[in-house]
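Inspection log for the structure reproduced underneath, given as structure tokens.
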2 protein chains.
Amino acid sequence: MSARREAVRQALSGYSGFRSAQDLYTDLRAEGSKIGLTTVYRALQALSDSGEVDVLRTDDGEAVYRACDTESHHHHIVCRVCATAVEIEGPTVEKWAAEMGAKHGFSGVTHTVEVFGTCADCS
Amino acid sequence: MSARREAVRQALSGYSGFRSAQDLYTDLRAEGSKIGLTTVYRALQALSDSGEVDVLRTDDGEAVYRACDTESHHHHIVCRVCATAVEIEGPTVEKWAAEMGAKHGFSGVTHTVEVFGTCADCS
DNA sequence: TCATATTTTGACAACCGTTTTCGTTTTCGT
DNA sequence: ACGAAAACGAAAACGGTTGTCAAAATATGA
Ligand SMILES: [Zn+2]
Ligand SMILES: [Zn+2]
Ligand SMILES: [Zn+2]
Ligand SMILES: [Zn+2]
């Protein structure tokens, strides 16, 4: 883990919501870091490959990242206004997805589930 | 509904899976149509705005479209190999998402759910 | 320590899907 | 048939992301 990658991880950990690569780049530069945008992308790629951060796509196709508390399988409920996110578990959903796969003859079933809403603070 | 838009809808209806704008453009040109790529994008935008087609983002951020049988809320199980998709309903999931929202004080809760796997034909 | 091999970095250009622009063509109501 | 309004397509612009490559940092080992 290089110093720059650690800096990116740290910057991401400071937020409870999902952030884009460019957001993080702006944050780091604002703090005085001389990091390059390319390096931020590379760090996020590595962190997501290793499962340390979660990635998802916004409606307009931008990748956003989050340093979650757990590395085990989970989902999120994300605020549409402030982008803060809460980690949630859904045994119900896990089972449902598996059942659906089996029912339709699909193997190697995975799923993506995200919940959106407006959080209490933003209401 | 203009003729070009109708052509895009028709082209999309010919497939059971999700297709990208560029895929459809290639299909239509291959059939001899003189349609432009811009028009394909515009038609898909209109169709998705009106709820006639579903849109989702692939892992690499590309938008893909599908002409579903029903316009009411539903989800899909998508084959990772041939991209064919089956429409599925999940009362269980609907309830779970709503409960999660309420539990964490979120309002106006929506959700995205997609299931992926390898279909029977591709196994 | 010093020299050398390896990895990481960042400026910049390239890439690719998508949107905007704008002049032309088609459609539609009268 | 006429003019207004909408749709169209080619090309340029856009924005996020990835590739390139030379310089800088770091690790290795004599
Ligand atoms: Zn997470
Ligand atoms: Zn799950
Ligand atoms: Zn559908
Ligand atoms: Zn649902």
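Chain letters run A, B, ... following the sequence lines, proteins first, then strands; residues in each count from 1. These numbers come from a predicted model, not from an experiment.
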Please confirm whether any donor atom in the side chain of B/R57 sits under 3.5 Å from an acceptor in the base of C/dG17, or the reverse.
-> no
For A/K34 and D/dA24, what is the distance between atoms NZ and P respectively, to the nearest whole Å?
-> 16 Å
May I ask you to say what A/A63 touches in the nucleic acid, namely base, sugar-phosphate or nothing, with a heavy-atom cut-off under 4.0 Å?
-> sugar-phosphate
In whole Å, what is the span from the CG atom of A/L37 to the P atom of C/dT9?
-> 14 Å
Could you state the atom-to-atom distance from CD of A/Q22 to C1' of D/dT18 in whole Å?
-> 12 Å
Have a look at B/T38 and say if it touches a base, only the backbone sugar-phosphate, or nothing, with a 4.0 Å heavy-atom cut-off.
-> base
Specify whether B/H75 and B/H111 have parallel, tilted or perpendicular ring planes, treating 30° as the upper limit for parallel and 60° as the lower limit for perpendicular.
-> tilted
Is it true that the side chains of A/E52 and A/S50 contain a donor and an acceptor less than 3.5 Å apart?
-> yes
Whole angstrom is fine here: how far is it from CD1 in A/I35 over to C1' in C/dA11?
-> 14 Å
Under 3.5 Å on both distances, the Watson-Crick or G-U partner of C/dC28 = D/dG3
When both distances are under 3.5 Å in a Watson-Crick or G-U wobble arrangement, the nucleotide paired with D/dA25 is C/dT6
Can you tell me if A/T118 and A/S123 form a side-chain donor-acceptor pair at under 3.5 Å?
-> no
Figure out the CG/P separation between A/L24 and C/dG10, and round it to whole Å.
-> 14 Å
Relative to the 5' end of DNA chain C, which residue comes earlier, A/Y25 or B/A3, by the nucleotide with the nearest heavy atom?
-> A/Y25
Using a heavy-atom cut-off of under 4.0 Å over every strand shown, decide if B/R4 touches base, sugar-phosphate, or nothing.
-> sugar-phosphate
B/H74 and B/D54: side-chain donor and acceptor closer than 3.5 Å?
-> yes
Phosphate OP1/OP2 of C/dT19 contacted by B/Y41 side-chain N/O (<4.0 Å) | no
What integer distance in Å separates B/D60:CG from D/dT17:P?
-> 12 Å
Would you say a side-chain N or O of A/S2 is under 4.0 Å from OP1 or OP2 of C/dT9?
-> yes
Write down the distance between CG (B/D59) and C1' (C/dG17), rounded to a whole number of angstrom.
-> 16 Å
Quick one: B/Q45 CD to C/dG17 C1', roughly how many Å, whole number?
-> 13 Å
Any side-chain donor near an acceptor of the partner, A/E114 and A/H76, under 3.5 Å = yes
